[in-house]
There are 2 protein chains.
Amino acid sequence: MFSNSSKYAIKAVLFLAVNSSEDHRIMVKDMAEPINVPQAYLAKLLQELSRKGIISSKKGPKGGFFLSKENSQLTLMDVVNVIDADDKFNACLLSLEKCNADKPCPLHDLAIPSRSKLIHSLNQNSIKDFSMQIEQGKVFLPL
Amino acid sequence: MFSNSSKYAIKAVLFLAVNSSEDHRIMVKDMAEPINVPQAYLAKLLQELSRKGIISSKKGPKGGFFLSKENSQLTLMDVVNVIDADDKFNACLLSLEKCNADKPCPLHDLAIPSRSKLIHSLNQNSIKDFSMQIEQGKVFLPL
DNA sequence: TCCTAAATATGATTTTTATCATGTTTTAAA
DNA sequence: TTTAAAACATGATAAAAATCATATTTAGGA
């Protein structure tokens, strides 16, 4: 479903949402282990997310990564779209070009309703929404 | 969701379900183009499916691949499991080892109900069931 | 100002997945 | 019994994804 990189990105963003702030930045080396992602790979990912405006960063001593107010209003779909193709979620399960509601492939009607809820949630809920769920103990980050 | 190989395998099996029979076998070269899969790659895949007992084959002139009665009673999950890991569908969307109903990750409750219908259908409906749907014009194979 | 700590940029390596190529075995039919 | 058409087996190559390494830039603090 998600590429490895996307999973890492989601984990990193949620970790920042819960643990960082404008004036409490977090360094790569301090989040790599907690979220269980290879440090060098994570560094590269965070840099890309930063370049694309999904997360914020500050260089130099006392620097690190964090989420701005604006950042945390973005959705997880925004995060995923940095890495995976935009149409990933709309593509036919069998990758058939001509598959659509009129001429559905054998898996179409099983796949579409299945995914629609997930897609909707990824698109509607902000990162902030997710971090609130975490803080309320409704969901967990055993990352 | 599915690996490329799994998609190819599903397409090939459904094609055989609709177009082949015990005494009308189909050669690799005659199905590669219709289902839009590289011939050499398809050959390798079909051989693996055959070895694992998912499809049947006959060597030599007038040989080819086909589905036996028993083959067509198998499910698409059986097909997919030849190639992808068995637990692919139960794995957490974020690949978190400790994610479960008691301590769900932020995507858990979105993912599980989402996938359950698909998984159920892949497990319950036989290949024959799918080929009947195709023959009844309910779904299509614009492969 | 200078040193050091951090992100940044870039590229190399490894691993996995997908694809291609080629020789071997089986079997129907001439 | 010979030939040729098919699957079968195995390995080589290519492409993509994941991972690692290293030099550069920025900025805080002594």
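Rounded to an integer number of Å, the gap from CD1 of B:Ile55 to C1' of D:dA7 is 10 Å. Distance OH (B:Tyr8) to P (C:dT17): 15 Å, rounded to an integer number of Å. We find that CD of A:Gln39 is positioned 12 Å from C1' of D:dA21, with the value rounded to whole Å.
Between A:Lys52 and A:Glu48 there is a salt bridge, with a side-chain nitrogen of the basic residue lying less than 4.0 Å from a carboxylate oxygen of the acidic one.
Residue B:Met27 has its side chain nearest to D:dA6 when only C:dT27, D:dA6, D:dA18 are considered. When distances run from any side-chain atom of B:Lys59 to the nucleotides C:dT8, C:dT19, D:dC8, the shortest one goes to D:dC8. Between D:dC8, C:dT4, C:dA7, one nucleotide has an atom nearer to the side chain of A:Pro61 than all others, and that is C:dT4.
Considering only side-chain N and O atoms, B:Ser57 lies nowhere under 4.0 angstrom from the phosphate OP1 or OP2 of D:dA6. Between B:Arg51 and D:dA7 there is no side-chain polar atom (N or O) within less than 4.0 angstrom of OP1 or OP2. Proximity of B:Tyr41 to the phosphate of C:dA21: no side-chain N or O atom is located under 4.0 Å from OP1 or OP2. Using a 4.0 Å cut-off, no side-chain N or O of B:Ser3 falls inside it from OP1 or OP2 of C:dT17. At C:dA18, one or more side-chain N or O atoms of B:Ser5 fall inside 4.0 Å of OP1 or OP2 (strictly under the cut-off).
A 4.5 Å side-chain heavy-atom check between B:Pro106 and A:Gln133 finds every atom pair outside the cut-off.
Side-chain N/O atoms of A:Tyr8 and A:Ser3 include no donor and acceptor closer than 3.5 Å. A donor-acceptor pair shorter than 3.5 Å can be found between the side chains of B:Asn71 and B:Ser56.
Geometric assessment of B:Lys103 against the ring of A:Phe140 yields a positive cation-pi assignment under the 6.0 Å and 45° thresholds.
Nucleotides of DNA chain C nearest to B:Ile83 and B:Lys62 differ in position, and the one nearer the 5' end is that of B:Ile83. Both A:Gln47 and A:Lys44 lie close to DNA chain C; mapped to their nearest nucleotides by heavy-atom distance, the more 5′-ward contact belongs to A:Gln47.
With hydrogens and angles ignored, no donor-acceptor pair under 3.5 angstrom links the side chain of A:Lys58 to the base of D:dG28.
A:Arg25 comes within 4.0 angstrom of nothing in the nucleic acid, heavy atoms only.
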